[in-house]
Structures are given as structure tokens and as C-alpha cells.
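In what follows, a structure is listed as C-alpha cells, so that the remarks can point back to it.
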Amino acid sequence: MRLRDGAISLAADGVRRRIPSAAIERIGVRGPKGLLLAVVLTGDRPVVYDLRCRSGPTVHEFAQAVRRALPLRDVDERRQDGAGLVTEEPMERVAPNQLRQLWWGLGGTYVLVFTLLVVTGAGAGPVLLWVVAPEAIGGGGFGVHIGWKVVRDACAITACVRRFHSARLQS
């Protein structure tokens, strides 16, 4: 979940949704410990996106940021159907064959270099370093990847759409 260029971007269930601020009627925090963010769209029959997050303070800060980005509207102003303004696009995933080919290529290169080191008589030092270094680098890279994911996805989302729902929201 991100707020960028006046729109909320949600990625859930293999679909990326972009909700422009013009489509949002109100946003609120509810649920135990304030872990549920409710995005209510404009329209006669409002659509509500309930987003469950891990951090209550993050939810409150995000809700405040979205409220600041919402356009000022007159109470009597006719509102567009918010659900019609939401764009959805399927998220592209790496095909299993491409991923398998990548792993086979990396594995083949690793074995080839190992074989060349042994055949050319490079000695025990370079061979041992070649055997041990990828595990250490891979472990460190995995740690950095997980850390970046935690920072990037500070608010892990379970999104669901409920139609014709009116909820009392806390401000």
C-alpha cells in the first residue's frame, strides 16, 4: 500500500489497484488496536476496501497522509462513482520456466568455475573461497532483501472488497 501522485496503490491477490484521491470519500482507522484501515469510495452504493496492517501507528500515519491528499469537496457536490475510477491491472510474475532457467544457468556457471579452478591447479585457497563465498554472500543478500521488504511493506495488507457497506469510522 502506497500513496503516490495523489493515488493509493494496493497490491493484493495478484492484482494492483490504483485508487485516485478523487474516488475516496473518506478514510478511517478501526478495529482492535487500530490495525484496520477502511478506504470508503464515493458513490451512491459505496465500496469499502478493508486493509489489515501490522502496525497501528503506521495505519494512523498513512490515514492522516491520505486525508491531507483528499480534495476539498462541497457537501452538496455530486460525486462520481468511485469504483469506476479505480484501475486494476494484473501483476506480472516471473514464469516458472524462466526462473528454472536462471537457476540452472547460475548452477552451471558455479560448477564450471569450480571445475576450472580444480583442473588448472589454482590451489586450495581459491577453491575453498569459491565453495564458501556464495553461501556467505547469499545469506547476506537474503538478509538485506528481507530487511528491505520489511521497510517497504511496513504495512502488510490483506485487502478485501465489500460492496454496499457503511461503516462507522474513527477519525
Side-chain angles (χ1 to χ4, degrees), residues 1-103 106 136-171:
M1 172 171 57
R2 296 181 185 182
L3 176 63
R4 186 175 292 162
D5 298 329
I8 296 176
S9 178
L10 303 174
D13 302 327
V15 177
R16 177 167 289 124
R17 291 177 180 88
R18 186 175 182 282
I19 306 173
S21 58
I24 301 172
E25 179 70 32
R26 65 185 183 279
I27 188 163
V29 178
R30 58 186 186 154
K33 301 180 184 177
L35 299 178
L36 191 66
L37 181 74
V39 180
V40 181
L41 302 184
T42 58
D44 296 331
R45 295 185 284 183
V47 175
V48 177
Y49 287 92
D50 282 332
L51 310 169
R52 186 169 312 283
C53 302
R54 295 181 188 158
S55 168
T58 302
V59 172
H60 286 281
E61 290 298 320
F62 187 79
Q64 289 299 325
V66 172
R67 283 185 191 115
R68 287 190 297 270
L70 291 178
L72 294 175
R73 296 184 182 113
D74 187 3
V75 176
D76 298 327
E77 177 183 349
R78 177 160 162 70
R79 308 238 189 335
Q80 297 181 38
D81 180 31
L85 298 175
V86 175
T87 58
E88 295 182 355
E89 61 184 39
M91 294 171 44
E92 293 183 20
R93 297 181 183 239
V94 177
N97 281 340
Q98 291 175 334
L99 192 58
R100 191 176 304 118
Q101 288 173 352
L102 174 69
W103 281 113
L106 289 173
I137 292 170
F142 182 71
V144 168
H145 172 72
I146 293 300
W148 174 248
K149 255 181 117 168
V150 167
V151 170
R152 186 190 68 191
D153 300 334
C155 198
I157 299 165
T158 306
C160 63
V161 179
R162 290 189 286 164
R163 298 194 181 273
F164 317 117
H165 175 77
S166 62
R168 292 183 70 184
L169 302 175
Q170 301 172 6
S171 294

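All of these numbers come straight from a predicted model, not from anything done at the bench.
A pairwise comparison of heavy atoms in Val15 and Glu88 identifies CG1-CB, 3.9 Å as the closest pair. Shortest non-hydrogen contact noted between Val48 and Ala38 is CG1-CB, 4.3 Å. When all heavy atoms of Val47 and Ala83 are compared, the pair lying nearest together is CG2-CB, 3.9 Å. Taking both residues in full, the closest heavy atoms of Ala7 and Pro20 are given as CB-CA, 3.8 Å, listed atom of the first, atom of the second, then distance.
Rounding to the nearest 0.5 Å places SG of Cys53 at 10.5 Å from NE2 of His60. Between Thr42 atom OG1 and Arg26 atom CZ the span is 11.0 Å, to the nearest 0.5 Å. Rounding to the nearest 0.5 Å gives a distance of 7.5 Å between CG of Leu51 and CD1 of Ile27. Separating the CD1 atom in Ile19 from the CG atom in Leu10 is a distance of 4.5 Å, to the nearest 0.5 Å. In this structure, Glu89 CD and Arg16 CZ are separated by 6.0 Å, a value rounded to the nearest 0.5 Å.
Contact of the Val29 side chain with the Phe62 side chain is not registered, since no non-hydrogen atoms from C-beta on lie closer than 4.5 Å. Here the side chains of Ile24 and Val39 are in contact, with some heavy-atom distance below 4.5 Å. Side chains of Ile8 and Tyr49 form no contact here, defined as non-hydrogen atoms less than 4.5 Å apart.
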